[in-house]
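Letters A, B, ... mirror the listed sequences (proteins, then strands); counts begin at 1.
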Protein chains: 2
Amino acid sequence: MNEMIDRNDLDNEAAELEALALRLSWGLRHRLQQQLEVFSLTLPQYMTMNILHRGSSGCSMSELAEASNQLSPTMTGIVDRLVERGLVTRERDDRDRRALRVELTDEGRHLMARISKQKRAWTRGFLQALLPEERVTINAVLLRFLEVVEALPAPVDEIKAGE
Amino acid sequence: MNEMIDRNDLDNEAAELEALALRLSWGLRHRLQQQLEVFSLTLPQYMTMNILHRGSSGCSMSELAEASNQLSPTMTGIVDRLVERGLVTRERDDRDRRALRVELTDEGRHLMARISKQKRAWTRGFLQALLPEERVTINAVLLRFLEVVEALPAPVDEIKAGE
DNA sequence: TATTGTTATACTCTATAACTATA
DNA sequence: TATAGTTATAGAGTATAACAATA
């Protein structure tokens, strides 16, 4: 009897969490894309530049693909457009002539700085909308959520009857 | 002096939060798409079916577009493919011959049930990976985060020098 | 042979503009 | 004239398969 209640509680919580995850993934993406539209960047393009921005000596194409969870033909297309806009360079690596080295240009770094400033204003607005006690926990909770999400195994196949 | 420290604290927190939001939007979307791939559905397609599933009497095309934050030509394409797969119907509304009424078919409802079962297994795994005290707060924190994100005004233009 | 990355191809989504049909 | 929705078109991302060059 008590077990039944617990099971239902867990299921209500799960249903809520599923709805939240969907809204979160959908809404957050729209927000980020809206922010980036001002700079004529797509989210995958920004993601790529962000990875380059965090490091210091550039990345190979496969490192970029791995870090952004993309396939290599996808990466090729994204970097094509960034090169065309002069935001990154893509040059052959002299130590391994198969590999390419992608790096931010000065213009790319400058654009990232402009975006950071914009983002920071937005984030400050966000934090100010929170109560002080909410502000203390929000980062830790989001990080924990993300870590558990990323740690869970990917579904490989459909669960069949009899759960 | 104290103000300087507070300002830096706020900025560190903001930088962390920005990184988290990016990872969250990116990672969560990949996870959801991975889940849906098993059923040969894209996230926008699932989003659309999910909106229809929550209501009872179907939606017009513009209601769908509004609820999923999409433009109407985008909606047309998504619904085209769902109709083609027999997951929804799209029929003229007799009371307003300009409008269309989109509804889930039995097959569509059946697919949603299969997806729900799969999702539930995944979500239970997620909740079990959390500590009991984390489980109590996670939903509330995510909801609050989402509400504040959605309430913030969209950026219309770039912030210029002098912040 | 294995690895790095590209090209070719096809499909989905997104955005804009022009259009049809109904109100 | 305004509203609901589509078609046309173009661009971006995603996935697979086939390929070239280097290791």
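Projected onto DNA chain C by closest heavy-atom contact, A:W26 and A:M75 fall at different nucleotides, the more 5' of which corresponds to A:M75. Heavy-atom nearest nucleotides on DNA chain D were determined for A:G77 and for A:R98, and the one closer to the 5' end corresponds to A:G77. Remark on DNA chain C: of its neighbouring residues B:R95 and B:N69, the 5'-side contact belongs to B:N69, judged by nearest-heavy-atom nucleotide.
Ion pairing between a basic and an acidic side chain is recognised when a charged N comes within 4.0 Å of a carboxylate O; B:D80 and B:R90 show such pairing. A salt bridge links B:D11 to A:R124: one of the charged nitrogens lies within less than 4.0 Å of a carboxylate oxygen.
Here the side chain of A:P73 is nearest to one of C:dT22, C:dA8, C:dT16, namely C:dA8. Out of D:dG13, D:dA23, C:dC13, the shortest distance to the side chain of A:D96 is found at D:dA23. Side chain of A:M61, nearest nucleotide from C:dT12, D:dT14, C:dT6: C:dT6. Of the candidates C:dA2, D:dG13, C:dT7, the closest approach to any side-chain atom of A:I78 belongs to D:dG13. Checked against D:dG5, D:dT22, C:dT7, the side chain of A:T76 finds its nearest nucleotide in C:dT7. Of all nucleotides listed (C:dG5, D:dG5, D:dT3), D:dG5 comes nearest to the side chain of B:L100. The side chain of A:S72 lies closest to C:dT6 when the candidates are C:dT6, C:dT16, C:dT22. In this structure, of C:dC13, C:dA23, D:dA4, it is D:dA4 that holds the atom nearest to the side chain of B:A99.
OP1 or OP2 of D:dG13 lies within a sub-4.0 Å distance of a side-chain N or O belonging to A:Q45. Not one side-chain nitrogen or oxygen of B:Q70 sits closer than 4.0 Å to the OP1 or OP2 atom of C:dC13. Note on A:R90: every side-chain N or O is 4.0 Å or more away from OP1 and OP2 of C:dG5.
The separation between B:L71 atom CG and D:dG11 atom P is 18 Å, rounded to whole Å. Rounded to an integer number of Å, the gap from CG of B:L36 to C1' of C:dC13 is 15 Å. At whole-Å resolution of the value, CD in A:E37 and C1' in C:dT14 are 10 Å apart. Taking atom OH of A:Y46 as the reference point, atom P of D:dG13 lies 16 Å away to the nearest angstrom. Taking atom CE on B:M47 and atom C1' on C:dT14, their separation rounds to 16 Å, with Å as the unit. In this entry the distance linking CZ of A:R97 with C1' of C:dT4 reads 13 Å, nearest Å. Per the geometry, CG belonging to B:D93 stands 13 Å off C1' belonging to D:dG5, to the nearest Å. Atom CD in B:E91 sits roughly 17 Å away from atom P in C:dT22 (whole-Å rounding).
For A:Q33, the CD atom sits in a packed shell: over 12 heavy atoms of surrounding residues, nucleotides or ligands are nearer than 6.0 Å.
Taking the six-membered ring for Trp and the full ring otherwise, B:Y46 and B:F39 have centroids separated by 6.0 Å or more.
Within 4.0 Å (heavy atoms only), B:T42 reaches sugar-phosphate atoms of the nucleic acid but no base atom. Residue-level contact check: B:S62 touches the backbone only, with heavy atoms under 4.0 Å from sugar-phosphate atoms and none from bases.
Both B:L152 and B:L143 are members of a single hydrophobic cluster when ILVMFWY side chains are connected at heavy-atom separations under 4.5 Å.
Using bins of under 30°, 30° to 60° and over 60° for the plane-to-plane angle, the ring pair A:H30/A:W26 lands in the tilted bin.
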